[in-house]
There are 2 protein chains.
Amino acid sequence: MVVKIDDVARVAGVSKTTVSRVLNNRGYLSEKTIKKVHDAMESLNYQPNAVARQLYKKETKLVGLIFPTVDNPFFGQLVAELEKRLFDSGFKVLIGNSMNDPAKEEMYLKELISNQVDGLIVGAQNRGIDEYHKANLPVVAIDRVMNEDIPVIASDNYMGGKLATELLINSGAKHIMNTDGPINLETPAHRRRDAYEEVMKSHNMVPHTYLVDFSWDIKKKKQAVKEMFAKYPEMDGIFVTNDMDAALVWRTATELGYKVPDDLKIVGYDGANITRVLLPELTTIEQPVEEMAKMAVSTLITRINGEDTPLEQIVPVKIWHGTSV
Amino acid sequence: MVVKIDDVARVAGVSKTTVSRVLNNRGYLSEKTIKKVHDAMESLNYQPNAVARQLYKKETKLVGLIFPTVDNPFFGQLVAELEKRLFDSGFKVLIGNSMNDPAKEEMYLKELISNQVDGLIVGAQNRGIDEYHKANLPVVAIDRVMNEDIPVIASDNYMGGKLATELLINSGAKHIMNTDGPINLETPAHRRRDAYEEVMKSHNMVPHTYLVDFSWDIKKKKQAVKEMFAKYPEMDGIFVTNDMDAALVWRTATELGYKVPDDLKIVGYDGANITRVLLPELTTIEQPVEEMAKMAVSTLITRINGEDTPLEQIVPVKIWHGTSV
DNA sequence: AAATATATGTCAACCGGTTAATATAAAATA
DNA sequence: TATTTTATATTAACCGGTTGACATATATTT
């Protein structure tokens, strides 16, 4: 049988209440009693049942994370950073990979609420779901437009798009493309595109954005990229909205006989750890993942404590200079 | 205030017991009652409190995952696959990134036990911790030697090492190195090295294994790799124990003026999704991550159901042909 | 009409902790 | 010595569900 608080009390020769006091460090306690209780807990290898405590306290010290998938350099690093910081603040992490499926996202949301998480950090790519509002739960969004009272943490997407486009222009590219996800999905990432378009226009160049949906599988994406090359053969520069897609564009370009950066210059977006190890040659706009994670966790905790936080926090990006420009 | 089962009962005009029956689909129920209850739940936006249920049922439908970090192509993919399959089987996932820190691993273990997880899947890189045994909990290990009664899922490490080494030999390399983690860490991954050594010897070649600790940071790893090149300048082939390190070796080699694969042939290990997108040129031994995840989940569930499972399950590997050999 | 199957209610115990109230005794201080 | 502070015990309520026992009322079948 599993050891419970009454067993500890019996072995230590004290009352259940006293054991609870030792556990929670409340009320008057002599050193002697504390030691007796600790000895008993140790000899019985007692682990308090967090579920019972959670029920009474109405606090689980659990935070839910909802992201598309951890099988991606950016989200993997982000989730790892979030988890680390949450753990340091005494929270455990319940994770949900929505796989860009709104239905799955909604299921996760319900499950997490049912599990009484103290808060949520979401970075899923789907449309804002009413449920988040109904949830009446502290929520922080990363790089996603939610509704009015959900704070958002995002990299400086506009500046990122501006830096990328200007870099391409300054390095001599004349026909510069851009990729973006579906426009009907409201995400701050579209500001990268806004910046691209404005910079292009201010240089009297014609912007062309090509749709590459985040949720497509590799094959479909590759197909789309090939179509793009066929449709815009004069392209000599491209700002791709994330590094995984940028790698795909690079490889496809190579297969089609383009030389990077001579025939085609590529700038990506994200600049995660893994990318910098596996493909450091890719010039990209680096999001400050650590910073974003730190901010998201502190914002969430502030909200959990019932205090107010800014609704939008933007963190600066910088260029990682590879050899693709 | 949060809606609870009594509120639903009141609104539906039935008893608490009946609502519970509807929720759990137990006992006699008329269509009419079921509808009344569902309507009430919907209008109140009722979400049952899983914590209360967990306490009574002594079952949480929670599974804990303990891995070094999700910020790695292999573990990221593995965790994503595990999470997906567990979710499909009705389990939510509590995650812990041990960061190769035994103390942190132990803390996670305790926390997860305290949270009453129904089972654990571990792939942390640290020494077997007694606690796993004490835990008296269904546990499945991935690529890790635990103790007698903990089932292990692993790729065919020996075959992987054999394939890699033979590939290098057959492609003409004469001075072939190998990297491995600390030998005192008991992991099935050492079988890659065993295979390397045996194949080398059977070809009358001298095996040299160089230590690259998984837990070192990039800088220290790079330093170690440079030392290796300095110490073995005649090296013309290398079997690196994971793809991230292989990428590092490749880059360092390039910086030192080696041409891959002409001067140096490189074979990695893991072959995760992300690697195949960012660095498909790397020839590597592919672990069947999906297969392993599937096996781990079904083994865990079998154990949770109190049935026996094999203690060791080995899944086959295959070669991913890039251009580094 | 009697017997059986179906549908629902009431009540209370239970899961394993936390906590407030109340009581008592020993130790420290006035 | 009287008073206050410190230390601990006992008891019971509580968190929000689940479940078994038992009662009762229709509906259906023989």
Side-chain angles (χ1 to χ4, degrees), chain A residues 1-41 44-62 110-118 136, chain B residues 1-41 44-62 110-118 136:
Chain A
M1 218 44 260
V2 180
V3 182
K4 49 190 76 163
I5 201 169
D6 299 275
D7 302 313
V8 176
R10 196 166 20 73
V11 170
V14 300
S15 73
K16 187 183 169 185
T17 306
T18 301
V19 177
S20 178
R21 279 191 189 135
V22 171
L23 278 170
N24 297 286
N25 206 19
R26 270 170 35 97
Y28 295 120
L29 287 169
S30 68
E31 284 306 320
K32 213 181 68 197
T33 305
I34 293 176
K35 188 174 182 319
K36 272 196 301 185
V37 172
H38 277 142
D39 288 350
M41 293 197 293
L44 292 171
N45 194 28
Y46 171 71
Q47 296 294 343
N49 183 327
V51 173
R53 174 190 279 127
Q54 287 163 3
L55 180 57
Y56 185 87
K57 293 260 202 137
K58 298 182 166 190
E59 182 192 72
T60 53
K61 286 293 177 182
L62 249 33
K110 283 192 175 164
E111 296 273 13
L112 294 177
I113 291 171
S114 176
N115 271 280
Q116 313 295 116
V117 293
D118 292 339
N136 198 33
Chain B
M1 219 42 260
V2 179
V3 182
K4 50 191 76 165
I5 201 169
D6 297 275
D7 302 313
V8 176
R10 195 166 19 75
V11 170
V14 301
S15 74
K16 185 183 168 184
T17 305
T18 300
V19 177
S20 178
R21 279 188 187 136
V22 171
L23 278 171
N24 297 284
N25 206 19
R26 270 168 34 97
Y28 297 119
L29 288 168
S30 69
E31 285 306 320
K32 211 181 68 196
T33 305
I34 293 176
K35 189 173 182 319
K36 271 196 302 185
V37 172
H38 277 144
D39 288 352
M41 292 197 294
L44 292 171
N45 194 28
Y46 171 70
Q47 296 296 339
N49 183 327
V51 172
R53 176 190 278 127
Q54 287 163 4
L55 181 57
Y56 184 86
K57 292 259 202 144
K58 297 180 166 190
E59 184 193 69
T60 53
K61 286 291 179 184
L62 248 33
K110 284 192 174 164
E111 297 273 13
L112 294 176
I113 291 171
S114 176
N115 271 279
Q116 311 298 113
V117 293
D118 292 340
N136 199 33

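Only one option out of B:Val11, B:Val37, B:Asp7, B:Leu23 pairs with B:Tyr46 in a side-chain contact (heavy atoms from CB on, under 4.5 Å); it is B:Leu23.
The nucleotide whose nearest atom lies closest to any side-chain atom of A:Pro48 is, among C:dG17, D:dG20, C:dT19, C:dG17. Closest to the side chain of B:Leu23, out of C:dT19, D:dT18, C:dC15, is D:dT18. Here the nucleotide nearest the side chain of B:Ala52, chosen from D:dG17, C:dG17, D:dT19, is D:dG17. Side-chain proximity of B:Tyr28 to C:dT18, C:dA7, D:dG16: nearest is C:dA7.
For B:Thr18 and B:Ser15, the side-chain atoms include at least one donor-acceptor pair closer than 3.5 Å.
Regarding contacts with the backbone of C:dG17, every side-chain N or O of B:Tyr56 stays at 4.0 angstrom or more from both OP1 and OP2. In terms of phosphate contacts, B:Lys57 brings a side-chain nitrogen or oxygen within less than 4.0 Å of OP1 or OP2 of D:dT19. OP1 or OP2 of C:dC15 has not a single side-chain nitrogen or oxygen of A:Asn49 nearer than 4.0 Å. When the side-chain nitrogen and oxygen atoms of A:Arg26 are compared with OP1 and OP2 of C:dT19, one or more of them lie within a distance under 4.0 Å.
Of all heavy-atom pairs between A:Gln116 and A:Thr60, the closest is O-OG1, 2.7 Å.
Between the side chain of A:Asn115 and the main chain of A:Val117, no donor-acceptor pair closer than 3.5 Å is present.
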Please tabulate the protein-to-nucleotide N/O contacts below 3.5 Å involving nucleotides 10-12 of chain D, giving atom names and distances.
unit_1 : atom_1 : unit_2  : atom_2 : d
D:dT11 : O4     : A:Thr17 : OG1    : 3.2

